[in-house]
Amino acid sequence: MEAQPELVNQAEAESKAARLTKTPLAAQRERTGKLTLKDVRQYFNLPIDDAAKKMNICPTVMKKICRRDGLLHKSIEKKISKKKGSLAAIDVKERAGTQADIESLQQELASIFVGYSG
(Lines give C-alpha, C1' and ligand atoms only; values in the text may rest on other atoms or scores of the structure.)
Protein backbone atom coordinates (compact mmCIF):
# COMPACT_ATOMS: atom_id res chain seq x y z
CA MET A 1 0.00 0.00 0.00
CA GLU A 2 1.40 3.31 -1.07
CA ALA A 3 1.37 6.37 1.23
CA GLN A 4 -1.07 9.05 0.28
CA PRO A 5 0.64 12.11 -1.22
CA GLU A 6 -1.05 14.48 1.24
CA LEU A 7 0.26 12.57 4.25
CA VAL A 8 3.79 12.44 2.84
CA ASN A 9 3.80 16.19 2.17
CA GLN A 10 2.41 16.90 5.64
CA ALA A 11 5.04 14.69 7.26
CA GLU A 12 7.79 16.43 5.28
CA ALA A 13 6.43 19.86 6.30
CA GLU A 14 6.31 18.86 9.97
CA SER A 15 9.83 17.46 9.78
CA LYS A 16 11.11 20.65 8.18
CA ALA A 17 9.35 22.80 10.80
CA ALA A 18 10.87 20.72 13.59
CA ARG A 19 14.37 21.31 12.17
CA LEU A 20 13.77 25.06 11.92
CA THR A 21 12.34 25.39 15.43
CA LYS A 22 15.03 26.15 17.97
CA THR A 23 15.27 24.34 21.23
CA PRO A 24 14.98 26.53 24.34
CA LEU A 25 18.70 26.07 24.97
CA ALA A 26 19.61 27.09 21.42
CA ALA A 27 17.37 30.15 21.65
CA GLN A 28 18.95 31.12 24.97
CA ARG A 29 22.46 30.72 23.53
CA GLU A 30 21.56 32.92 20.59
CA ARG A 31 20.06 35.59 22.85
CA THR A 32 22.93 35.64 25.33
CA GLY A 33 25.54 35.52 22.59
CA LYS A 34 24.26 38.87 21.33
CA LEU A 35 24.26 40.59 24.75
CA THR A 36 26.79 43.36 25.34
CA LEU A 37 27.86 45.44 28.32
CA LYS A 38 25.35 48.07 27.27
CA ASP A 39 22.64 45.49 27.85
CA VAL A 40 23.88 44.68 31.35
CA ARG A 41 24.97 48.15 32.49
CA GLN A 42 21.82 48.81 34.49
CA TYR A 43 22.80 45.92 36.75
CA PHE A 44 26.40 47.04 37.48
CA ASN A 45 25.49 47.96 41.04
CA LEU A 46 24.28 44.43 41.85
CA PRO A 47 26.25 41.31 42.75
CA ILE A 48 26.76 39.20 39.65
CA ASP A 49 24.37 36.47 40.84
CA ASP A 50 21.55 38.97 41.39
CA ALA A 51 22.19 40.69 38.07
CA ALA A 52 22.13 37.35 36.26
CA LYS A 53 18.81 36.41 37.89
CA LYS A 54 17.23 39.70 36.86
CA MET A 55 18.36 39.13 33.26
CA ASN A 56 17.21 35.50 33.33
CA ILE A 57 20.69 34.17 32.51
CA CYS A 58 23.19 32.19 34.52
CA PRO A 59 26.09 33.95 36.32
CA THR A 60 28.58 32.19 34.06
CA VAL A 61 27.06 33.89 31.01
CA MET A 62 27.17 37.24 32.81
CA LYS A 63 30.86 36.73 33.58
CA LYS A 64 31.53 35.71 29.98
CA ILE A 65 29.92 38.91 28.66
CA CYS A 66 31.96 41.03 31.06
CA ARG A 67 35.23 39.28 30.25
CA ARG A 68 34.57 39.32 26.51
CA ASP A 69 33.99 43.07 26.59
CA GLY A 70 36.91 43.79 28.95
CA LEU A 71 35.02 44.57 32.14
CA LEU A 72 36.67 43.14 35.21
CA HIS A 73 35.03 45.38 37.82
CA LYS A 74 34.32 42.54 40.24
CA SER A 75 38.04 41.85 40.57
CA ILE A 76 38.65 45.55 41.26
CA GLU A 77 35.95 45.52 43.94
CA LYS A 78 37.62 42.48 45.50
CA LYS A 79 40.98 44.32 45.61
CA ILE A 80 39.34 47.33 47.25
CA SER A 81 37.68 45.10 49.83
CA LYS A 82 40.96 43.36 50.70
CA LYS A 83 42.79 46.66 51.06
CA LYS A 84 40.03 48.11 53.25
CA GLY A 85 40.25 45.06 55.46
CA SER A 86 43.96 45.52 55.97
CA LEU A 87 43.80 49.26 56.75
CA ALA A 88 43.49 48.73 60.50
CA ALA A 89 46.34 46.22 60.63
CA ILE A 90 49.11 48.44 59.22
CA ASP A 91 51.04 51.38 60.64
CA VAL A 92 50.13 55.01 59.97
CA LYS A 93 52.69 55.49 57.20
CA GLU A 94 51.61 52.42 55.28
CA ARG A 95 47.95 53.26 55.86
CA ALA A 96 48.27 56.45 53.79
CA GLY A 97 49.70 54.47 50.87
CA THR A 98 46.99 51.85 51.17
CA GLN A 99 44.31 54.54 51.26
CA ALA A 100 45.81 56.07 48.11
CA ASP A 101 45.70 52.63 46.44
CA ILE A 102 42.04 52.27 47.41
CA GLU A 103 41.18 55.68 45.99
CA SER A 104 43.02 54.85 42.77
CA LEU A 105 41.09 51.58 42.43
CA GLN A 106 37.81 53.39 43.13
CA GLN A 107 38.59 55.92 40.40
CA GLU A 108 39.38 53.08 38.00
CA LEU A 109 36.08 51.44 38.86
CA ALA A 110 34.19 54.72 38.43
CA SER A 111 35.77 55.26 35.00
CA ILE A 112 34.65 51.77 33.95
CA PHE A 113 31.07 52.53 34.96
CA VAL A 114 31.13 55.88 33.18
CA GLY A 115 32.53 54.26 30.05
CA TYR A 116 29.70 51.75 29.90
CA SER A 117 26.81 53.77 31.25
CA GLY A 118 26.22 56.01 28.30
Which value, rounded to the nearest 0.5 Å, describes the distance between [X] atom [atom1] and [Y] atom [atom2]?
{"X": "D39", "Y": "K34", "atom1": "CG", "atom2": "NZ", "result": "11.5 Å"}
{"X": "T60", "Y": "R67", "atom1": "OG1", "atom2": "CZ", "result": "8.5 Å"}
{"X": "K84", "Y": "L105", "atom1": "NZ", "atom2": "CG", "result": "10.5 Å"}

Determine the minimum heavy-atom distance between [X] and [Y], stating which atoms define it.
{"X": "M62", "Y": "A51", "result": "CE-CB, 3.5 Å"}
{"X": "P59", "Y": "D49", "result": "CG-OD1, 3.2 Å"}
{"X": "I65", "Y": "T36", "result": "CG2-C, 3.9 Å"}

Kindly indicate, with the supporting measurements, whether the criterion side-chain contact (heavy atoms from CB on, under 4.5 Å) is fulfilled by Q99 and R95. CA-CA 6 Å; Q99 187 61 43; R95 192 177 303 142; 5.5 Å; no
Please examine the side chains of K83 and I80, heavy atoms only from C-beta on, and report whether any two atoms are closer than 4.5 Å.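 No, their side chains stay 4.5 Å or more apart.
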If you draw a 6.0 Å radius around CG in N56, do more than 12 non-hydrogen atoms from other residues or ligands fall strictly inside? no
side-chain contact (heavy atoms from CB on, under 4.5 Å) between M55 and L35, worked out: CA-CA 10 Å; M55 293 190 65; L35 291 174; 3.9 Å; yes
